[in-house]
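Accompanying notes for the structure given below.
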Amino acid sequence: MKIKVVSNILKANDSIAEKNRQLFKENKLFVINLISSPGAGKTSLLERTIKTLNSKISIGVIEGDIATTRDAERIEKTGARVIQINTNGACHLDSNMVRTALQNFPLNGLDILFIENVGNLVCPANFNLGEDIKAVVLSVTEGDDKPKKYPGIFREAKILIINKTDLLPYTDCSIDKIKKESLEINPDLNIFEVSCRSGEGFDEWCNYIVSLSN
Amino acid sequence: MHELSIVQNILEIAESEARKNNAAKIIKVWLKIGEMSGVVADSITFCFEALKSNTIARDAELLIDHVPLTGRCKNCGNNFQISNYIFKCNTCNNTDIEIISGRELFVDELEVE
Ligand SMILES: Nc1nc2c(ncn2[C@@H]2O[C@H](COP(=O)(O)OP(=O)(O)OP(=O)(O)O)[C@@H](O)[C@H]2O)c(=O)[nH]1
Ligand SMILES: [Mg+2]
Ligand SMILES: [Zn+2]
């Protein structure tokens, strides 16, 4: 006997993500799912963003990591509210991990919640967490061919942050190519160029984050 | 590796559908996997073989239907195949394109007994 199923393989994840989304909405919280390959600078971006915006808005962070608590410790030093999720080997966060973490993470008083996903450009794109938007960080040292190699996340994201611009002179990376090819995939992408080291580009980036919190 | 959790989901969906239909055994599982779904069909097959043994799908064959990336232009209504991930209408050059197919990650059909 044949059975027609037509069932989304990720529906279990999507339905819990919907619950998270509801909870975020009730708390009037704007949530950003931050995705990049390992070491592109997600935690550095959060550290500098939090420090810059400390007096203006309240930022919370959920840190996803395969095994350590290092990133959460770095965020803790900024004074922001942070909780760690260890995925125990999984290459992405899923909505249920976030749901569980939220039981021990008060949302009151926060304006923006960042969820730093596990360093990986492929898998996190499939797993909605209940966020308002996905943001992808690409550092210039990774090469300018990445958008076309990982189109899924560049299509899904609303924001692209090109990081480590201070290292441009030492690479053969073309920012114009990154922009051109990522806009071919996603013409609505908001692109920022920053250096978490020098602070270049942070005025524009931080103004944008403040505008999201309103 | 995320193909592993995807295959766990596939097996859960297949087993629960089979049970709903009072089937004892799953013989075939058809998937639809889109070109831009972000999963690698070979790894799905590999993980399926590894995980199916303790389930009623232990003898099941996995068949994968690959779905190309296609879009519809929101300006002129043109349907076209998107190549090289360039989301631009090949008739009117508009870039506001709705994806029609290519993101699928579906259990499409089962054969059970
Ligand atoms: N030169 C330079 N180095 C940077 C910049 N941003 C981050 N780094 C360095 O890059 C390395 C990785 O940065 P992280 O912020 O830990 O990157 P991540 O994306 O959080 O890494 P994972 O969480 O492990 O995936 C660190 O040594 C940072 O100091 C930058 O703008 N310029
Ligand atoms: Mg980090
Ligand atoms: Zn058109």
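In what follows, every chain begins at residue 1, and chains take the letters A, B, ... in the order their sequences are listed. Please read these numbers as outputs of a predicted model, since none were measured by experiment.
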Checklist line | Six-ring centre of B:W30, A:K4 cation under 6.0 angstrom, axis tolerance 45° | finding: no
Margin query: For A:F202, does the six-membered ring have the charged nitrogen or CZ of A:R48 within the cation-pi criterion, i.e. under 6.0 angstrom from the centroid and within 45° of the normal?
Written below: yes
Could you check which of [options] has the highest count of heavy-atom pairs closer than 4.5 Å to chain A?
{"options": "B:I10, B:N21, B:I27", "answer": "B:N21"}
{"options": "B:K20, B:R103, B:E104", "answer": "B:R103"}
{"options": "B:I97, B:D108, B:N9", "answer": "B:D108"}

Taking atom types as modelled and ignoring hydrogens, do the side chains of [X] and [Y] form a donor-acceptor contact shorter than 3.5 angstrom?
{"X": "A:S44", "Y": "A:R197", "result": "no"}
{"X": "B:K88", "Y": "B:T95", "result": "no"}
{"X": "A:S95", "Y": "A:N20", "result": "no"}
{"X": "B:S5", "Y": "B:Q8", "result": "no"}
{"X": "A:E142", "Y": "A:S37", "result": "yes"}

Check: Where along residues 162-181 of chain A does a heavy atom come under 4.5 Å of chain B, listed by residue number?
Finding: none
Checklist line | Which portion of A:F127 sits near chain B, non-hydrogen atoms under 4.5 angstrom | finding: side chain
Item checked: Proximal component of A:N8, with respect to chain B [non-hydrogen, under 4.5 Å] -> both
Notebook entry, point to check: Side chain, backbone, both or neither: which part of B:I13 has a heavy atom under 4.5 Å from chain A?
Noted result: side chain
Item checked: chain A contact via B:D96 - side chain, backbone, both or neither, heavy atoms under 4.5 Å -> neither
Notebook entry, point to check: Counting N and O atoms only, with roles assigned by atom type, does the side chain of B:T45 sit under 3.5 Å from a partner on the main chain of B:A41, one being a donor and the other an acceptor?
Noted result: yes
Margin query: Once salt bridge (Lys or Arg N to Asp or Glu O under 4.0 Å) is applied, what residue pairs with a partner in residues 20-37 of chain A remain, sequence neighbours excluded?
Written below: A:E18-A:R21
